[in-house]
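Data block below; observations after.
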Amino acid sequence: MDTRYDYQNLEDKTYDKWEKSGYFNPDVCVKKGIAKKNAKKFSIVLPPPNVTGNLHVGHAAMLAIEDIMVRYARMRGLKTLWLPGTDHAAIATQSKVEGIIYKKEGKTRYDLGREEFLKRVEKFAKESHDTIVRQMKKMGSSVDWSREAYTLDEKRSLAVRTAFKKMYDEGLIYKGSRIVNWDPKMQTTVSDDELEYIEEKAPFYYLKFGPFTIGTARPETKFGDKYVVMHPDDPRYKKYKDGESMQIEWINGPITATVIKDKAVDMGFGTGVMTITPWHDATDFEIAERHGLDKEQIIDAYGKLLPAAGEFSGININKARPLIAEKFKAKGLLEKVDENYLHNVAVNQRGGGRIEPQIKEQWFVNVNKEFVLPKSKIKGIKSGEKTTLKKIMRAAVKNGQIRILPHRFEKIYFHWINDLRDWCISRQIWYGHRIPVWYRGGETYCGVNPPKGGGWEQDPDTLDTWFSSGLWTFSTLGWPKETKDFLAFHPTSVLETGYDILFFWVARMVLMSGYLLGEIPFEKVYLHGMVRDGQGRKMSKTLGNTIDPLEMSEKYGADAVRLSLIIGSAPGNDIKVSEDKIRGYRNFATKIWNASRFAVMNYAPTKTKPRFTTADRKRLREVTELKKKVSADIDRFDFNRAGDALYHYFWDVFADKVIESLKPRLSSENAGDRAAAQEVLLTMLKEQVKMLHPFMPFVTEEIWGMLPGVRKESLLMVEKW
RNA sequence: GGGCGGCUAGCUCAGUUGGUUAGAGCGCUUCGUUUACACCGAAGAGGCCCGGGGUUCGAAUCCUCGGCCGCCCACCA
């Protein structure tokens, strides 16, 4: 037996053994008596990684945390299911593949056409999927591969169409012309949550608009402006009446301007007066809606100016901006320019471009519309009662049926719901679930399956990727069929994910599950932090500070990587990792290995009755206490504490003190002494190896197989906790 | 503009409901080839727990004011 644990050669073999045993599957566990038939369930669905490439260290942290919960539950005899899958991640994947194709071949998706392009994306997605599966196995994730799902596979697509149709029929999904976030680069809409704001310096122009002065960073939108808006209580503009019109000189000649009074105007900002461009600004759109004003499109879908811009028609807005400013100046309408104005620019965070708001006809989910929830298991909402999607989302958490941990995230969740607007779910990209609506002449048909008869044409848009993710806890269990799995495992026990997708995903799962099932999707939400480097910086390729979990596993073993992602960070706080830290836990794995080796080497079966000392009994009691503590910590999602306690007890107490103190007795003349020392050593070791297993499954499994009194074919992963 | 988190040893962080000399990893110093382990062992140095005020027999922990740093949300044209 080597003095070092050979993780490079053993980890894959160990994973194979687990997989072949079938114990990742709860049905097998029940059949083999590992879990009783009537045992409580413990179910988790894996937050499906995007098929955009590789797993990163954030995924590794997620896998480590979930594997701890799952292995712990399984060892405690619960009917345990951890259901794996991957996410097609519509916009992210499409954007990635478009980038690759453009770089390699200089072609766009339009050059290839919808069909050919989708083939390429699918090929890419398949390869990513295979890589992800390999990587998950490498990390030791004890997921049930027999139930693997994909957000875009046949079963999940059926669930999506079923959900869409139900919402459509009840008027919760509607098509409407509203202002949306338009990405001219990717040629698609993006939801509010997918935006990212970047602060930018830009010239800010003060323009004369009749008797008023208005400020803008976007003179290129001003061609159609004919409403001038001010706060109704602004004393400076008391003499102007709401609806009053006047003739003024504007960029393309004289226009009739109308005064509008609206409280949306901030009296303290600039001159307290603004003109509005309802087609290209969300606030302006709302003002226009409130007052029934005209809306005119100035910029097209590609970011080029329309004929309304006169001689600037056809020019890209970025090029046109300084020219337009020039014209204002030439006409004497430019009062002054502030060159160092800071403003926020919205960008599509999924690799897209700068957002240009546009009015477009899109599909929306109405979050405020009342409907009847026929059968409700959500506390606070009675069966048959009228409710809204917002109310469902709020109720499920408010009444404690769903607990979000750490607790502070509940507040953030409520805050988000309060501000929530209708969810734009249609995308003009190609990779994703096609909207199940067909048109023929003036007819519209929505159905789970295409309509019969010829001449129908399907809506070209696809759905926001989060629409299908919202169904994930039950689409993976066979819904819309009421399968055995669905009945046995839903609602899931825990949803474990990063706090960055609380809104994107967690909230939407509550929405979908609440609406479609009248049920919560999970009992608890545990949110982990973001993984950062040793100095606490975000990991990024440009900084070159990324840590590849696979490379680290090759170098130090997956157990070490897992532990380094668990220990040292409080629940919900960001997780810091560095190679030094990983190396430290690799050393711990070696320590466990060697202590176990020592125990095995010193064990000789004997019939002699052991002569325990009070110190022996104290040690054995300590281990029992440790188990209580570790169990309590895991139950509270405090993996950091549990791991830390195990680490220190094993190293500081067991290895440094207990083993040292037992050494003389192990070679004692007295057989009873020897027997007691051996027994204490082995019992303490076994118990600790068991407790360490959820954290470091590979080494502990390997050690378990060498311990005296352990049947050769028995697996630690299903040993009784 | 609103909200949240952080500030503890050189670096990165733990420290559940306030309770004895404040902890870890890495780093540092000295010593050590005692047959589990040098990916080790033993010993050690190193801290006005961001600052002020308060509550308390007792505060890193609770309250309050302030200072930095980070994050999220928001329609400031």
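So you know, we letter chains A, B, ... as the sequences are listed, proteins then strands, and number each from 1.
At a threshold of 4.0 angstrom between heavy atoms, the contacts of Ala282(A) with the nucleic acid are absent. Using a 4.0 Å heavy-atom criterion, one finds that Gly529(A) contacts no nucleic acid atom at all. Residue contacts shown for Ala599(A) are absent, as no nucleic acid heavy atom lies under 4.0 Å away. When heavy atoms are screened at a 4.0 angstrom cut-off, Val229(A) is found touching no nucleic acid atom at all. When heavy atoms are screened at a 4.0 angstrom cut-off, Glu660(A) is found touching base atoms of the nucleic acid. Within 4.0 Å of Tyr341(A), counting heavy atoms only, lie sugar-phosphate atoms of the nucleic acid but no base atom. Using a 4.0 Å heavy-atom distance criterion, Lys663(A) is classed as a base contact. Nucleic acid contact class of Arg218(A) (heavy atoms, under 4.0 Å, all strands): none.
Residue Tyr499(A) places no side-chain N or O under 4.0 Å from the OP1 or OP2 atom of C71(B). Contact check, Lys222(A) against A77(B): no side-chain N or O comes under 4.0 Å of OP1 or OP2.
Using modelled atom types, no side-chain atom of Lys222(A) and backbone atom of Ile276(A) make a donor-acceptor pair closer than 3.5 Å. Remark: side-chain polar atoms of Gln297(A) are paired, donor with acceptor, to backbone N or O of Ile299(A) under 3.5 angstrom.
Between Trp651(A) and Phe588(A), the two ring planes are parallel [angle under 30°; tilted spans 30° to 60°]. Ring pair Trp466(A)/Phe504(A) is parallel by interplanar angle, where below 30° counts as parallel and above 60° as perpendicular. Ring geometry, His343(A) versus Tyr341(A): the interplanar angle falls from 30° to 60°, so the pair is classed tilted.
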If you restrict it to nitrogen or oxygen atoms, what contacts under 3.5 Å exist between nucleotides 24-27 of chain B and the protein, and what is each distance?
unit_1, atom_1, unit_2, atom_2, d
A24(B), O2', His648(A), NE2, 3.4
C26(B), O2', Asp580(A), OD2, 3.3

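Looking only at atom types and distance, the side chain of His231(A) has no donor-acceptor partner in the side chain of Asp262(A) under 3.5 Å away. In this structure, a donor-acceptor pair under 3.5 Å is absent between the side chains of Asp284(A) and Trp279(A). Between the side chains of Tyr205(A) and Glu335(A), not a single donor N or O lies within less than 3.5 Å of an accepting N or O.
For CZ of Arg354(A), the number of neighbouring non-hydrogen atoms (other residues, nucleotides, ligands) closer than 6.0 Å is 12 at most.
A 4.5 Å side-chain heavy-atom check between Met274(A) and Phe269(A) finds every atom pair outside the cut-off.
Trp250(A) pairs with exactly one of Phe328(A), Phe212(A), Tyr227(A) by the ring-ring contact (aromatic ring centres under 6.0 Å, His included) rule, that one being Phe328(A).
Across all strands shown, A9(B) forms no Watson-Crick or G-U wobble pair with both key distances under 3.5 Å. With a 3.5 Å ceiling on both atom-pair distances, the Watson-Crick or G-U wobble partner of C40(B) is G32(B). As the counterpart of C4(B), G70(B) is assigned, both hydrogen-bonding distances of the Watson-Crick or G-U wobble pattern falling under 3.5 Å. With a cut-off of 3.5 Å on both pairing distances, A22(B) has no Watson-Crick or G-U wobble partner at all.
Within residues 632-642 of chain A, the residues that place at least one heavy atom under 4.0 Å from RNA chain B are, in residue-number order, Arg636(A), Asn640(A), Arg641(A).
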query = When you check every protein heavy atom under 4.0 Å of nucleotides 1-9 of chain B, what one-letter string (B, S, -) results, 5' to 3'?
reply = ---SS----
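Nearest-nucleotide mapping onto RNA chain B: of Asn602(A) and Ala570(A), the residue sitting toward the 5' end is Ala570(A).
Between Tyr499(A) and Tyr526(A), the gap from one ring centroid to the other reaches at least 6.0 Å.
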